[in-house]
Amino acid sequence: MPELPEVETVRRGLAPVFAGATIVRVDQRRPDLRFPFPENFAARLTGKRVESLERRAKYLLARLDSGEVLVMHLGMSGSFRIEQDAETIIPGVFFRPRSALGPHDHVVFSLSNGGTIVYNDPRRFGFMLLSGSDVENHPLFRNLGVEPLGADLDGRALARLFAGKTTLLKAALLDQTLIAGLGNIYVCEALFRANLSPRRVAGTLALRDGRPSAKAGLLADVIKQVLSEAIEAGGSSLRDHRQTDGNLGYFQHSFKVYGRAGDPCVNATCGGTIERIVQNGRSTFYCGRCQR
DNA sequence: CCGACCGCCTGCCTGC
DNA sequence: TGCAGGCAGGCGGTCG
């Protein structure tokens, strides 16, 4: 499932319930997800107040009044759902009644405001861990690249990041140590919007005579654009991914290349066909005519 | 240091 | 209809 727009959608869905609430109970229903849960996971969360719910790249960060930070990653198939009692609906939070737990419901947070947050993850590629308050120095975060929606990403920054790189452009965009938060879908979509081939060498977008190329500037712009539009649409729902209120995001209907192998290119004047190739073991979708 | 590849899990879709 | 095989949004680790 989740790339940056989906994680941001989840953050926005959870924040009204989670932020400001005190965790009154944690049911950890198995010893591990992708990694083992931290020692005394439930005990270290119980009784703590969630001060804020933030996002860094594809990570959710719940800052606790204990000074610890609950770090959550959804992997490929993780999702949260919010359940409440009909008598005590939290203002602004979609009502979904309590339901029986399923086999892939791995963590249940019960909150002081009456809300319950259930983490479900069939493939268990997600994980939860606890960090000190200086999350940015945690090993998982220390090498993370720039936040794509932040002011730090522009043509100049991209050009610097790609300087001297002989990697494929597609691979460079997926490299979380360069830009943090892009995944396979939005990289395909951004490259299409920028008319850039995923097979291009990343270094060809580097600085020339100390100035970023127009291509680098355009790529930075369309990355922000596609991510923003996807967040606006509530993310993408592939397979069965849902938002925290159970609703589907609908940005998948706006995909122009992802999953569209064999379809005609949407650029009316092009006449080309979307192709699927495999790069670094991942599917890439692109138009070989528009994208150079 | 870098890139290529593997493995972690389950579920869904396709094609025979 | 049934089943085997392929494929999936991520990411850390290993190997050359």
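Below, read A as the first sequence line, B as the second, and so on, with proteins coming before strands; counting in each chain starts at 1.
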State which residue, out of Gln279(A), Gln291(A), Arg199(A), fulfils the side chain to side chain donor-acceptor pair (under 3.5 Å) condition with Tyr286(A).
-> Arg199(A)
Hey, is the side chain of [X] poking within less than 4.0 Å of OP1 or OP2 on [N], counting only N and O atoms?
X: His73(A); N: dC11(C); result: yes
X: Tyr59(A); N: dG10(C); result: no
X: Arg282(A); N: dC7(C); result: no

Rounded to whole Å, please give me the gap between [atom1] in [X] and [atom2] in [N].
X: Asp121(A); N: dG11(B); atom1: CG; atom2: P; answer: 11 Å
X: Gln176(A); N: dG10(C); atom1: CD; atom2: P; answer: 8 Å
X: Leu227(A); N: dG9(C); atom1: CG; atom2: P; answer: 16 Å
X: Leu60(A); N: dG10(C); atom1: CG; atom2: P; answer: 15 Å
X: Gln252(A); N: dA8(C); atom1: CD; atom2: P; answer: 17 Å
X: Leu174(A); N: dG9(C); atom1: CG; atom2: P; answer: 10 Å
X: His104(A); N: dC12(B); atom1: NE2; atom2: C1'; answer: 12 Å
X: Leu74(A); N: dC11(C); atom1: CG; atom2: P; answer: 10 Å

List, with names and distances, any nitrogen or oxygen atoms from the protein found under 3.5 Å away from nitrogen or oxygen atoms belonging to nucleotides 7-9 of chain B.
| residue | atom | partner | partner atom | Å |
| --- | --- | --- | --- | --- |
| dG7(B) | N2 | Arg34(A) | NH2 | 3.4 |
| dC9(B) | O2 | Arg123(A) | NE | 3.0 |

With sequence neighbours left out, what residues match Asp152(A) under side-chain contact (heavy atoms from CB on, under 4.5 Å)?
-> Val146(A)
Does any donor atom in the side chain of Thr269(A) or Asn267(A) lie under 3.5 Å from an acceptor atom in the other side chain?
-> no
Excluding sequence neighbours, so at least two apart, what forms ring-ring contact (aromatic ring centres under 6.0 Å, His included) with Phe37(A)?
-> Phe41(A)
Under 4.0 Å between any heavy atoms, over every strand shown, what does Tyr258(A) touch: base, sugar-phosphate, or nothing? Just pick one.
-> sugar-phosphate
Distance between P atoms of dC6(B) and dG6(C) (Å, rounded) = 14 Å
Considering only the P atoms, how many Å lie between dG9(C) and dT14(B), rounded to the nearest integer?
-> 16 Å
So do the side chains of Pro5(A) and Phe251(A) get within less than 4.5 Å of each other, counting heavy atoms only?
-> no
Quick one: does Arg12(A)'s side chain get under 4.5 Å of Ile231(A)'s, heavy atoms only?
-> yes
If you measure from CZ on Arg81(A) to CD1 on Ile117(A), what distance do you get to the nearest 0.5 Å?
-> 11.5 Å
Atom pair CG/CG of Leu173(A) and Leu196(A) - distance to nearest 0.5 Å = 9.0 Å
For the student: nearest non-hydrogen atoms of Ala261(A) and Arg276(A), plus distance | CB-CB, 3.8 Å
Which nucleotide in the set dG10(C), dC7(C), dG12(C) lies at the smallest distance from any side-chain heavy atom of Glu3(A)?
-> dG10(C)
Please determine, for the side chain of Leu140(A), which listed nucleotide (dC11(C), dA8(C), dG12(C)) has the closest atom?
-> dG12(C)
Consecutive-pair stems (3 or more, Watson-Crick or G-U, under 3.5 Å) for DNA chain C | B:2-8 with C:10-16, B:10-16 with C:2-8
Set of residues satisfying salt bridge (Lys or Arg N to Asp or Glu O under 4.0 Å) with respect to Arg123(A), sequence neighbours excluded = none
Relative to each other, are the rings of His106(A) and Tyr119(A) parallel, tilted or perpendicular (30° and 60° limits)?
-> tilted
Starting from the C-alpha separation in whole Å, work towards a yes-or-no answer on side chain to side chain contact (heavy atoms under 4.5 Å, CB included) for Phe80(A) and Met72(A).
-> CA-CA 11 Å; Phe80(A) 287 97; Met72(A) 298 172 280; 3.6 Å; yes
Pairs under 3.5 Å (N/O, protein and nucleotides 1-5 of chain B):
| residue | atom | partner | partner atom | Å |
| --- | --- | --- | --- | --- |
| dG3(B) | OP1 | Thr167(A) | OG1 | 2.2 |
| dA4(B) | OP2 | Asn280(A) | OD1 | 3.1 |

